[in-house]
Amino acid sequence: MITVKSIFLALAALLVMLPVSAHHDGVTHHQNHEDQQPLQDHHDAHDNDRTPMREAKRVAIIGAGSAGSSAAYFLHRFHANTTNMPPINITIYERNSYIGGRSTTVTAHGSPGHPIELGASTFVPMNENLVNAAKELHLTVSSTSRTRPKTVRDSVGVFNGEDMIFVQPYAEGEIGKWWSLAKLLYQYGPSAPIKANRLTDEAARKFLNLYREPLFPFSSLGEAAESVGLLEATGMTGEQFLIMKGVGNGKYVTELMQSATRVNYGQNLGLIHGLETMVCMAAEGAVSVEGGNWQIFEGMVKSSGALLRLNTSVTGITEKAIKGDKKIWTITSQTHGDQQVVVNQDFDAVIIASPYQYLDLIHPPTTLHKTPDEIAYSALHVTLFTSRRPLDPEYFNLDPASTVPETVLTTLNETEQSSEAFTRGTGASAVGKVGFFSISTLQQIFTEEHGEEFVYKVFSPEAFGPDKIRKILGVEGESEDEADVTWVFRHLWNAYPYLYPRVTFEDIKLAEGMYYTAGIESFISTMETSSLMGMNVARLVLDEVVGARGKVKAKL
């Protein structure tokens with residue numbers, strides 16, 4: 001029965017309303033916010049107490065999201081624990097004015113006291129890199145449910161555009177948890193939940209082998225995935241994988257499991273591959289850093305001692321010459337702003353920690369083994385707003401006297417579920433009649449100007465305009481003001497890749513001295529997996545620099 005209980009805990013963790021991936025958006029950039037100030041460029045970081053630059057190995061990292069920050073962090077840590085190493089100088093190029101990529105916050109009403117995750121929202125205890133870094137950096141980590149207002153009876157509901165087909169009450173104490181679990185098992189039976197939970201645990205155990213010798217560091221993601229037995233899950237859709245493994249395609253799958261793939265990746269089970277499907281169910285114990293998860297990545301960069309160049313785009317990566325038997329790469333960069341400065345700098349190794357398509361290179365490298373393919377990303381509209389009004393129960397076909405669950409996940413209705421146009425669709429075709437992937441009541445805040453009000457977060461494939469906000473609040477009228485909407489923030493992300501079934505992945509080493517992290521996006525797209533690839537590439541770079549002269553510790 002402990003196994004079944006963990007199913008309930010995992011489902012409860014789906015309330016967090018994420019997307020979980022983290023990379024450059026490539027769509028639009030937002031302003032800095034009061035609680036997320038950019039680090040200062042450390043132009044003199046290598047001038048004191050260091051071997052001169054000409055004697056050091058020089059590593060460029062392009063991108064300061066999860067992968068790039070982690071690459072710098074682990075380069076520094078591995079190097080410090082390696083014998084017979086020449087000095088290493090790290091330079092990070094980041095086109096945005098802040099560190100963290102899609103892990104960033106905004107503040108309701110511009111108040112630093114009310115930070116809200118705009119992008120990657122949570123991580124879980126099995127995410128070793130993020131958990132360990134947060135501890136080392138002395139960041140405060142707590143449950144994602146800590147700020148929920150809990151002003152309604154039900155914590156989560158699943159809506160299909162016609163009916164609220166599943167409702168999970170808040171479970172207070174052990175008796176409440178068992179009662180909630182009993183309700184779930186009564187509605188869906190024990191077989192599918194237990195089998196799905198076992199599949200999730202099995203996938204997690206296999207995945208963790210990628211952090212360990214002898215697999216770590218891996219030079220081929222496809223070979224590593226095959227060796228741990230995960231290619232079977234990536235090679236078919238979630239729908240196919242669950243049927244093959246005996247979970248089936250009943251209501252537990254199409255209602256609860258599919259609501260998880262939709263809120264996390266905006267994709268239904270007929271499109272998303274089986275491994276990412278199981279990742280969506282591994283949400284037990286979800287946590288976040290108080291004040292914003294971006295603090296992990298900013299802390300990583302600070303502790304690495306890297307030279308950080310914010311507001312700087314890389315416009316060229318060219319092969320300059322051969323130094324002995326090694327290539328030298330020239331990075332051409334250009335700062336943003338009124339005074340644009342173009343700089344050429346030579347490096348022994350380059351780590352591209354951003355999807356290749358977003359580099360916008362005027363002068364791309366010409367000697368790559370293979371240019372990475374363009375990654376197909378899903379456009380996600382994130383709408384944040386505050387209002388004194390609760391969600392309208394009649395909009396969700398509930399009793400007018402009842403309350404709407406604090407988090408509303410969505411799935412397809414029965415007619416849509418029978419059509420591949422929806423189950424394998426993308427964007428507006430994937431979302432179906434319901435029109436949004438999730439609505440979450442994040443917290444209840446107080447300001448002197450507006451009093452107590454709720455903070456809402458909506459994920460949708462298309463813009464969620466004032467008319468839609470009014471409808472979910474049950475207000476007739478023509479303006480957001482009439483709905484008591486006091487603050488609105490809208491953002492469009494290239495949120496996560498379409499995770500089509502596949503058994504091959506991008507090369508990690510693109511050329512001698514050049515490495516690429518974004519191939520892991522099509523395998524598993526999360527903050528943690530990007531960090532894992534950053535760590536993996538850091539080790540590969542050091543192995544290339546060190547050769548037989550030293551020994552790098554596999555994992556610190």
Side-chain angles (χ1 to χ4, degrees), residues 12 14-18 33-36 104-118 121-122 140 142-157 159 164 167-172 176 286-293 382-396 398-409 436 438-460 464-491:
L14 292 176
L15 316 187
V16 296
M17 293 293 95
L18 42 159
H33 304 288
E34 289 85 345
D35 59 337
Q36 185 173 0
T104 186
T105 60
V106 297
T107 54
H109 298 295
S111 170
H114 303 305
I116 304 167
E117 292 283 3
L118 184 63
S121 300
T122 69
T140 301
S142 56
S143 169
T144 53
S145 65
R146 71 187 184 280
T147 59
R148 292 306 174 101
K150 298 182 176 65
T151 57
V152 296
R153 184 192 67 178
D154 302 315
S155 62
V156 63
F159 184 56
M164 194 72 74
V167 173
Q168 185 70 59
Y170 268 109
E172 299 297 335
V287 296
S288 61
V289 176
E290 292 186 14
N293 293 323
V382 180
T383 305
L384 304 171
F385 67 94
T386 56
S387 174
R388 289 180 286 273
R389 294 179 177 271
L391 296 174
D392 178 30
E394 292 190 68
Y395 179 86
F396 298 93
L398 296 171
D399 187 317
S402 67
T403 58
V404 178
E406 201 166 72
T407 294
V408 179
L409 308 180
F436 58 89
S438 65
I439 298 176
S440 182
T441 310
L442 295 180
Q443 53 187 285
Q444 192 170 24
I445 64 173
F446 176 84
T447 62
E448 291 292 339
E449 183 178 359
H450 304 291
E452 284 197 351
E453 55 187 357
F454 298 104
V455 179
Y456 295 101
K457 186 176 190 178
V458 182
F459 288 167
S460 58
F464 204 82
D467 57 329
K468 295 179 180 178
I469 291 177
R470 291 196 305 275
K471 286 180 180 178
I472 65 173
L473 294 176
V475 176
E476 299 292 336
E478 299 182 356
S479 72
E480 289 170 339
D481 289 341
E482 293 178 75
D484 292 327
V485 175
T486 58
W487 172 79
V488 180
F489 187 96
R490 293 184 172 90
H491 189 70

**Complete:** Shortest non-hydrogen pair, Asn293 vs Val289, comes out as OD1-N, 2.8 Å
**Prompt:** Between Thr441 and Glu406, is there a donor-acceptor pair closer than 3.5 Å when you use the side chain of the first and the backbone of the second?
**Reply:** yes
**Message:** For the backbone of His450 and the side chain of Arg388, can you confirm whether one donor and one acceptor N or O come within less than 3.5 Å of each other?
**Reply:** yes
**Asked** What residues, two or more places apart in sequence or in another chain, satisfy side chain to side chain donor-acceptor pair (under 3.5 Å) together with Glu453?
**Response** His109, Thr486
**Item:** Non-neighbouring partners of Glu290 that pass salt bridge (Lys or Arg N to Asp or Glu O under 4.0 Å), sequence neighbours left out
**Value:** Arg146
**Asked** Does any N or O in the side chain of Glu394 come within less than 3.5 Å of the main-chain N or O of Gly474, such that one atom is a donor and the other an acceptor?
**Response** no
**Prompt:** How many angstroms lie between atom OH of Tyr395 and atom NZ of Lys468, to the nearest 0.5 angstrom?
**Reply:** 8.5 Å
**Request:** Work out which heavy atom in Ile439 is nearest to a heavy atom in Ile472; give both atom names and the distance.
**Result:** CD1-CD1, 3.9 Å
**Asked** With sequence neighbours excluded, what pairs up with Gln444 under the side-chain contact (heavy atoms from CB on, under 4.5 Å) test?
**Response** Pro149, Thr151, Glu452, Phe454
**Message:** For the CZ atom of Arg148 and the OG atom of Ser143, what is their distance to the nearest 0.5 Å?
**Reply:** 9.5 Å
**Asked** Can you name the closest pair of heavy atoms from Pro393 and Pro400 and give their distance?
**Response** CG-O, 3.6 Å
**Asked** Does Phe489 reach the side chain of Ile116, with side-chain heavy atoms less than 4.5 Å apart?
**Response** no
**Prompt:** Do any N or O atoms from the side chain of Ser387 and from the backbone of Asp484 form a donor-acceptor pair under 3.5 angstrom?
**Reply:** yes
**Fill in**
For Thr107 and Trp487, the nearest pair of non-hydrogen atoms, with its separation, is O-CZ2, 3.6 Å
**Message:** Can you tell me which residue among Leu384, Leu391, Leu442, Thr386 is in a side chain to side chain contact (heavy atoms under 4.5 Å, CB included) with Tyr456?
**Reply:** Leu391
**Request:** Quick one: closest heavy-atom pair of Thr122 and Ala286, and the distance?
**Result:** CB-CB, 4.2 Å
**Asked** Is the backbone N or O of Lys457 less than 3.5 Å from a side-chain atom of Ser440, with the two atoms forming a donor-acceptor pair by type?
**Response** no
**Prompt:** With distance as the sole criterion, is a donor-acceptor pair present between the side chains of Ser402 and Arg153 under 3.5 Å?
**Reply:** no
**Sequence-distant partners of Phe396, ring-ring contact (aromatic ring centres under 6.0 Å, His included), two or more places apart** = Phe159
**Item:** Partners passing side-chain contact (heavy atoms from CB on, under 4.5 Å) against Val287 (at least two apart in sequence or in another chain)
**Value:** Phe123, Val141
**Complete:** Closest heavy-atom pair, Arg389 versus Leu473, reported as atoms and distance to 0.1 Å, is O-CD2, 3.7 Å
**Close side-chain approach of Gln168 to Tyr170, heavy-atom, < 4.5 Å** = no
